[in-house]
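Notes for the one structure printed next.
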Amino acid sequence: MFTILTGAQFGDEGKGKIIDLLAENYDIVVRFQGGDNAGHTVVVGGRTYKLHLVPSGALYGRRLLIGPGVVLNPRVLWNEIQALESEGIKLDLGIDAKTTIIMPYHIELDGLREKARKEKIGTTNRGIGFAYVDKIAREEVQMGDLTDPAMLEAKLNEIGPAKEKAIADMGGDPTVVRYAPFIDEYLEIGKRLKDRVTDVSREINIALMEEHNVLAEGAQGAFLDVIHGTQKFVTSSFTTAGSACANLGVGPVMVDNVVGVIKAYITRVGEGPMPTELKDELGTKMRERGGEYGTTTGRARRCGWFDAVLGLKSVYLNGYTELALTKLDVLTGIDPIKICVGYELDGETIGYPPESTIQLARCKPIYENMPGWTGDISAVESYDDLPETARDYVERLEDLLGVDISAVSVGAGREQTIFREAPEK
Ligand code: GDP
Ligand code: IMO
Ligand code: MG
């Protein structure tokens, strides 16, 4: 069975929690895009793990893979491996030889470019965009190169001068490009990771042929996709489900399920349009209740009402076969609860987001009110035990999106999840 899981909004939907849960039934969990801009939280037995590169199946001891569509900062990965292993979590991790390496100069360029922008994107400053630029420009350092000092040197001699010029032109420090201690450190990490280097496409295809289960883990969310998101306020990778096949080297006919993770409201970190944003006390309340602070940067996330207009587009972009709804508990005590069911754009009512980001920024939400509920729902174990108005809310979202919500999450812990049907074994 091959399942792809993606974020259906602007990231931070709770993908880490849902992947951890699903991992019980999978043999392999594989990341297919993004880098350490991602921050996926898994809470097990009261202990919180914040994962940036290691796939969220780590706590179930699954085979973990990092695919070649990922941009990988070896320092971050090494630190994460060390931190997890020091807690007794043994990692069976493979990294594709073609995985793009984020070099210190990518981080330098990311910072310089963002600083120079009049209108900021709000990047995580992890060098993500510039690492992907180099992949497309065919000027990348790959994981395999870190295990081969002569190859790395040759590549840096070829790529280096243009990078030094680009950094100097932007007023930065060009010595970062071929700074010997950085190169030595990267090579040292390469040596330590050498035995983990693999061919991800081959592993996955063989696993599927042998009837093993593979779960592809997306990072970020649909509206941060570099093609379909709110350009320019997006990340630099392809975050929607279709990209998993291309990035992992698996044929599209192999896909069995596409799971979307969607929050019971909406959040965004960084700049860019978000029609249902609440800039008032209610937005602050959602942020505090939901702990809506970036896992990677600690920045406050912008919060707002559930946007079913964007939600529908996300269903189109990803072809979801089911949804996991997270953070329903955060809405407890809020009455009424609003759902955005349309936009007003330049005097017209529309039910689907405009393709242009500038137009999306002008959209005014049209809301429908739903009655709220009181009383703690964070320990509810069965769907029928949720308050009726909470079930009405879930079912209204289901109607609006046209996709079954198969799991409802009512807290960060692994056990705080209500499955409406038994998860597929
Ligand atoms: P990801 O990037 O999609 O994996 O999401 P993050 O981990 O960045 O952010 C989600 C946050 O919400 C994390 O702190 C989770 O522990 C937490 N979380 C996940 N599901 C729930 C839930 O149902 N209720 C509450 N209160 N918190 C949750
Ligand atoms: P997870 O996987 C939320 C946002 C940044 C910024 C924009 C571009 O945890 O859901 P980048 O550094 O990628 O060039 O920044 O994208 N962003 C995220 N927002 N969750 C994420 O990942 C994000 N990864 C990037 O805040 O607005
Ligand atoms: Mg996150």
Side-chain angles (χ1 to χ4, degrees), residues 5-21 31 33-44 47-53 55-56 70-71 73 102 106-107 109-111 113-114 120-133 217-226 229-237 239 260-272 274 286-302 324-332 376-378 380 407-418:
L5 179 147
T6 62
Q9 293 157 322
F10 292 103
D12 303 325
E13 297 89 350
K15 297 177 291 297
K17 165 173 171 162
I18 303 298
I19 291 159
D20 165 70
L21 267 174
R31 256 294 284 281
Q33 44 71 231
D36 62 301
N37 48 351
H40 297 174
T41 315
V42 180
V43 181
V44 180
R47 176 86 184 74
T48 300
Y49 303 87
K50 292 184 185 293
L51 305 169
H52 300 284
L53 283 166
S56 305
V70 168
V71 288
N73 181 326
I102 297 183
H106 293 131
I107 299 169
L109 284 163
D110 203 5
R113 185 70 193 90
E114 180 77 342
K120 310 285 181 203
I121 293 174
T123 73
T124 59
N125 207 11
R126 298 294 197 272
I128 307 297
F130 282 86
Y132 277 118
V133 165
E217 166 172 348
Q220 290 84 46
F223 300 105
L224 294 177
D225 182 90
V226 71
T230 56
Q231 267 274 19
K232 67 178 183 179
F233 306 100
V234 291
T235 191
S236 298
S237 66
T239 63
V261 184
I262 197 153
K263 217 179 264 197
Y265 48 100
I266 198 164
T267 63
R268 173 164 209 167
V269 55
E271 306 305 317
M274 179 171 141
M286 283 181 185
R287 180 177 313 119
E288 296 311 319
R289 283 249 200 111
E292 298 294 357
Y293 291 90
T295 311
T296 300
T297 58
R299 288 178 292 176
R301 296 175 185 153
R302 299 152 61 194
L325 182 74
T326 61
K327 304 193 99 159
L328 189 64
D329 54 302
V330 176
L331 297 182
T332 300
D376 188 5
I377 61 167
S378 64
V380 171
V408 178
S409 172
V410 291
R414 189 187 266 173
E415 65 295 344
Q416 290 172 293
T417 317
I418 301 165

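Numbering of ligands and ligand atoms starts at 1, following listing order. Starting from 1, each residue takes its place in the sequence as its number.
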Quiz item: Are the charged groups of Arg301 and Glu292 less than 4.0 angstrom apart, N to O?
Solution: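 Salt bridge present between Arg301 and Glu292.
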
Regarding [atom]: of the candidates [options], which has the closest heavy atom?
atom: atom 3 (C) of ligand 2; options: Thr267, Ile121, Val71, Asp12; result: Asp12
atom: atom 17 (N) of ligand 2; options: Thr235, Leu224, Thr297, Asn37; result: Leu224
atom: atom 8 (O) of ligand 1; options: Thr332, Asp329, Thr417, Thr295; result: Thr295
atom: atom 27 (O) of ligand 2; options: Thr230, Val269, Ile128; result: Val269

Can you pull out the closest protein heavy atom to [atom]? Residue, atom name and distance to 0.1 Å, please.
atom: atom 14 (O) of ligand 1; answer: Thr41 OG1, 3.9 Å
atom: atom 4 (O) of ligand 1; answer: Gly16 N, 2.8 Å
atom: atom 8 (C) of ligand 2; answer: Val234 O, 3.4 Å

Quiz item: Between Arg126 and ligand 2, is there a nitrogen or oxygen pair with a distance under 3.5 Å?
Solution: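 Among all N and O atoms of Arg126, none is under 3.5 Å from an N or O of ligand 2.
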
Quiz item: N/O to N/O below 3.5 Å, does that happen between Gln220 and ligand 2?
Solution: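 Min N/O separation from ligand 2 is below 3.5 Å for Gln220.
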
Does some non-hydrogen atom of [X] fall short of 4.0 Å from ligand 2?
X: Ser236; result: no
X: Lys15; result: yes
X: Gly221; result: no
X: Phe233; result: no
X: Glu13; result: no

Quiz item: Does an N or O from Lys327, backbone or side chain, lie closer than 3.5 Å to an N or O of ligand 1?
Solution: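 For ligand 1, there is an N or O atom that lies under 3.5 Å from one belonging to Lys327.
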
Quiz item: Has ligand 1 got any nitrogen or oxygen that is less than 3.5 angstrom from a nitrogen or oxygen of Leu328?
Solution: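 No, no N or O pair falls under 3.5 Å.
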
Quiz item: With a 4.0 Å cut-off on heavy atoms, does Gly7 reach ligand 1?
Solution: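 Gly7: no contact with ligand 1 (<4.0 Å).
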
Quiz item: Side chain, backbone, both or neither: which part of Arg299 has a heavy atom under 4.0 Å from ligand 2?
Solution: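 It is the side chain that gets close, since no backbone atom is under 4.0 Å.
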
